[in-house]
Amino acid sequence: MINRNALVVFLAHFVLLQFCWMAVSLAQTTYDRDFDGIGPRVYHLPPPPSDAELLSRQIESKLAETIALPRMLSKATTLNDLRNVGNSTLNVDLLAGDKQSAEGWLLMEIDRLSQWGDWDQIGDLYLLLGREYFRIGATEQAHANLEKALSAKLAVNNYQDVMQIRNSLALMYEYDNDLRCAQDLYTNLVHEARQRNNRLLQARAQMRLAFLKAKQGHFYEAEQDLIRTVEPMYRQMRSRSGDLGRIFTYRTLADVYRLQNRHPEAQWFLLQAKEIIDNKNLQEFLPLILFDLAEVKKSSGNTTVAINEYLLADELSGDQTDDLVLKLAIQDALGDIYHGHGQFKEALEALNRFDTLKAKLMSLDFPF
């Protein structure tokens, strides 16, 4: 015997389900888009972002870091130059210990040595202090301390270090894009190095001076200075320093041509630099030249070849701070190329490597 109450409940549920189904069907097929009555307006949610869209957003989010990469490479070069001046073997962090900052230890040591008049070593400590300020981005304090180092070295007639410090100051002004101050320093340095018969420093200063001319649009004059003056000076040295000088002269020439978007000439000079590296077994400089070659290929639209040279440069580079900055630039470039090719998986992998390298550099206290 059928329970009447159960039957009523069943029929009520059945009617309710039918009504809901009809309402949904009606909404899907007869929705009036012009209706403007009581109730919430109907809107359609956008589809979820695709992998390509998500990747594009991530790439856009690191645009500021990409813009900063050339300055980071320049900063790493300038820091390396500062390490080669005076007594750069002191481990300030180790000497300062856990209870004192490197800055505090240097200032106390400078004060102590001042009582003895040990100006040569005081100059070295001011150099270390200036280098530390430059590393953290305090360029005014860096300049001030290098000027103090200069005065200390002049007090003991250590002209070798004096010229090196002036070269470092010029590099720092160049890094700050103060081309006038940098040009004045390089010009004076050329004359002083010539008077003191320091041909290596004279050639270095003339090379940087030529590039500053190019940055100001004097391309032909810069090319002639590098080809007719600087390169022959290095060639006459017949030493490792001369070989390195020729490598960086060719690299500077490539930079001059890249400023003019003359990619074939830039590539030719980079290949000359690579030939010296191969012939003289200077393989530690190969990653930088391969990176430059890849940059030229990328700029000229030959991105497939550029990828191979970026990858080789990355494989051959080491784990020093300079190498990590270079690796960061490589992953940035690879990410852009892969994204442009629609290779989203590879682009995402390059982006992840970029973030990992950035974290490693930050752990080494290299400011962005």
Side-chain angles (χ1 to χ4, degrees), residues 64-86 88 103 126-150 161-190 193 201 203-218 222 225-226 230 244-245 247-249 251-256 258-259 285 288 291-292 295 320-330 332 358 361-362 364-368:
E65 293 163 356
T66 298
I67 294 170
L69 277 172
R71 279 180 62 78
M72 287 178 66
L73 287 166
S74 175
K75 184 174 188 175
T77 300
T78 306
L79 281 168
N80 191 54
D81 186 81
L82 285 166
R83 291 190 194 101
N84 297 325
V85 185
S88 60
E103 179 188 16
Y126 273 127
L127 271 169
L128 290 168
L129 194 55
R131 189 174 77 197
E132 177 62 18
Y133 277 127
F134 179 71
R135 186 188 63 79
I136 65 173
T139 53
E140 287 188 15
Q141 292 95 321
H143 287 190
N145 279 281
L146 257 67
E147 291 288 356
K148 291 176 181 177
L150 197 60
D161 281 357
V162 164
M163 288 189 289
Q164 292 281 4
I165 293 167
R166 285 177 176 156
N167 185 71
S168 297
L169 270 169
L171 279 171
M172 286 172 62
Y173 279 118
E174 191 177 345
Y175 171 83
D176 289 334
N177 209 33
D178 189 341
L179 301 188
R180 182 176 178 180
C181 282
Q183 190 163 341
D184 288 344
L185 276 166
Y186 283 132
T187 301
N188 293 333
L189 190 55
V190 167
L201 200 53
R204 286 184 65 189
Q206 285 193 297
M207 180 172 65
R208 297 313 307 163
L209 194 56
F211 187 60
L212 290 185
K213 291 178 182 179
K215 290 176 82 170
Q216 296 171 76
H218 307 301
D225 286 350
L226 290 165
V230 178
L244 292 177
I247 289 169
F248 282 95
T249 300
R251 186 171 184 252
T252 304
L253 272 163
D255 287 339
V256 171
R258 286 172 65 188
L259 287 173
F285 299 97
L288 186 61
F291 173 77
D292 287 342
E295 290 281 279
Q320 300 299 315
T321 301
D322 296 9
D323 295 318
L324 292 176
V325 175
L326 183 64
K327 284 176 176 287
L328 194 74
I330 289 169
D332 176 71
K358 177 185 171 183
L361 277 167
M362 292 179 73
L364 295 173
D365 209 16
F366 189 92
F368 275 67

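One N or O on the side chain of N188 and one on the backbone of D184 form a donor-acceptor pair closer than 3.5 Å. No donor-acceptor distance shorter than 3.5 angstrom exists from the side chain of N167 to the backbone of M163, with no hydrogens or angles considered.
Using a 4.5 Å heavy-atom threshold, the side chains of L179 and N177 count as touching. No side-chain heavy atom of L209 sits less than 4.5 Å from a side-chain heavy atom of D225. Within the 4.5 Å cutoff, side-chain heavy atoms of K75 are placed close to those of L79.
Every residue two or more places apart in sequence or in another chain was checked for a side chain to side chain donor-acceptor pair (under 3.5 Å) with R258, and none qualifies.
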Criterion side-chain contact (heavy atoms from CB on, under 4.5 Å) on E147 and L169, from CA distance to verdict: CA-CA 8 Å; E147 291 288 356; L169 270 169; 3.8 Å; yes
Q206 and Y186: CA distance, side-chain angles, deciding distance, side chain to side chain donor-acceptor pair (under 3.5 Å) verdict: CA-CA 7 Å; Q206 285 193 297; Y186 283 132; over 6 Å; no
side-chain contact (heavy atoms from CB on, under 4.5 Å) between L328 and L361, intermediate numbers included: CA-CA 9 Å; L328 194 74; L361 277 167; 4.1 Å; yes
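For an aromatic pair to be called close, the ring centres must be under 6.0 Å apart, and Y173 with H143 satisfies this.
Residue M172 forms a side-chain contact (heavy atoms from CB on, under 4.5 Å) with just one option from D178, L146, T139, and that option is L146.
Using modelled atom types, one finds a donor on one side chain and an acceptor on the other under 3.5 Å when comparing Q183 with Q216. No side-chain donor-acceptor contact under 3.5 Å links E140 and Y133.
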